[in-house]
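Atoms considered below: every heavy atom in the structure, side chains included; atoms not considered: hydrogens, waters and symmetry mates. What you see is a predicted model; the values in this text were computed from it and never measured. Order of listing sets the numbers, starting from 1, for every ligand and every atom in it. When a residue number appears, it is its place in the shown sequence, counting from 1.
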Amino acid sequence: MSLTELALRNAVAGYAGTTVLENVDLSVKRGERVGIIGRNGAGKTTTLATAMGLTQQISGQVLLNGVDVSTMPTAERSRRGLGYVPQTRDIFKSMTVRDNLRTGLQGGPDARLDEAYALFPRLHERRNNFGNELSGGEQQMLSIARALMGQPDILLLDEPLEGLAPVVAQELMVSLSTFSSQRGLGCVLVEQHVGLVLDFASSILLLERGRPAFWGPTEELKKRPELLASAIGLKSNASSPASRSAAPQLA
Ligand SMILES: Nc1ncnc2c1ncn2[C@@H]1O[C@H](COP(=O)(O)OP(=O)(O)O)[C@@H](O)[C@H]1O
Ligand SMILES: [Mg+2]
């Protein structure tokens, strides 16, 4: 059996008559980590939403295991192995951590909750707390863990580090990398912290006003700091791996 793969081919998509994405290509296999970077409004969220079937796809293809799912509803794409952590966290504030996780099981056994707790021990400590009692970081963990309860092959993450303290963000990235390697989870990460994405992902899609300015191996992008500078205003020194502790300089 071939590895599950998500691919966007020449995707053109938008919202109610507005075209946002033009000719976007992207692919990620199980166990692989891909990043999407670009300025605010560049189309990062729209790219993930297009993969999930939440935009108006005008042309091109969204392929899952070689099957064109372009006309399939979001629920069917989830069933075929796509998980999504939207930018607006979708946890239930009036439910406990445990019950929030259960809503993600999609009929799977309760024992899967232990996997979430192993990945995020903090959620185990907080399992009887309500969603609205959690810190921002704990809510992010819950949102990710809940998406994992459906055992996706490919997980799309939209700015999961937003608002987190650097040390918590770093921990979350390590947990995610470990899970990706151990379980063969494919990840597509949208993130403002460009340095973190360059460390995390083996391939990068760089978007500029809805168009791909770069799509390919991270190592190649690192050799072209002028691309990062023009597309996201990142000073060229911040693209070197050695300087990842320096905050990305966004224009
Ligand atoms: N629901 C929507 N309806 C219409 N336009 C939208 C909608 N969501 C986003 N857009 C527009 O699409 C463009 C890309 O937005 P988005 O994908 O959210 O960018 P990013 O995630 O990179 O910040 C922006 O110009 C934004 O205004
Ligand atoms: Mg966004």
message: Would Thr45 count as being in polar contact with ligand 1, using the rule that some N or O on each side must be under 3.5 angstrom apart?
response: yes
task: Name the closest protein heavy atom to atom 17 (O) of ligand 1, giving the residue it belongs to and the distance to 0.1 Å.
output: Thr46 OG1, 2.5 Å
field: Protein heavy atom at shortest distance from atom 5 (N) of ligand 1
entry: Tyr15 CD1, 3.4 Å
query: Among the heavy atoms of Gly38, does any lie under 4.0 Å from an atom of ligand 1?
result: no
- prompt: Any donor and acceptor pair, going by atom type alone, linking the side chain of Arg211 with main-chain N or O of Asn23 inside 3.5 Å?
  reply: no
task: Assess Arg39 for proximity to ligand 1: is some non-hydrogen atom of it under 4.0 Å away?
output: yes
field: side chain to side chain contact (heavy atoms under 4.5 Å, CB included) evaluation trace for Leu221 with Ile37
entry: CA-CA 12 Å; Leu221 181 61; Ile37 56 178; 4.3 Å; yes
message: Protein heavy atoms near atom 26 (C) of ligand 1, is at least one of them under 4.0 angstrom away?
response: no
task: State whether Thr46 contributes an N/O/S atom found under 2.8 Å from the Mg ion (ligand 2).
output: no
- prompt: Between Val20 and ligand 1, which residue portion shows a heavy-atom distance shorter than 4.0 Å: side chain, backbone, both, or neither?
  reply: side chain
Check: Met95 main-chain N/O paired with Asp99 side-chain donor or acceptor under 3.5 Å: no
Leu156 side chain reached by Met52 side chain, heavy atoms, under 4.5 Å: yes
message: At a threshold of 2.8 Å, where the distance has to be below it, does the Mg ion (ligand 2) have an N, O or S atom of Asn40 nearby?
response: no
- request: Specify the protein heavy atom at minimum distance from atom 14 (C) of ligand 1: its residue, its atom name, and the distance to 0.1 Å.
  value: Gly41 O, 3.3 Å
task: Could you tell me the angle subtended at the Mg ion (ligand 2) by OE1 of Gln87 and OG1 of Thr45, rounded to 10°?
output: 80°
message: Contact between Met149 and Leu113 at the side-chain level, heavy atoms closer than 4.5 Å - yes or no?
response: yes
field: Any side-chain heavy-atom pair of Leu228 and Phe214 under 4.5 Å
entry: no
query: So which heavy atom on Pro152 is nearest to which on Leu82, and how close?
result: CB-C, 4.1 Å
query: Which ligand 1 atoms does Lys44 reach within 4.0 Å, using its non-hydrogen atoms?
result: 17 (O), 19 (O), 20 (P), 21 (O), 22 (O), 23 (O)
- request: Using a 4.5 Å cut-off on heavy atoms from C-beta on, say whether the side chain of Leu161 contacts that of Gln140.
  value: no
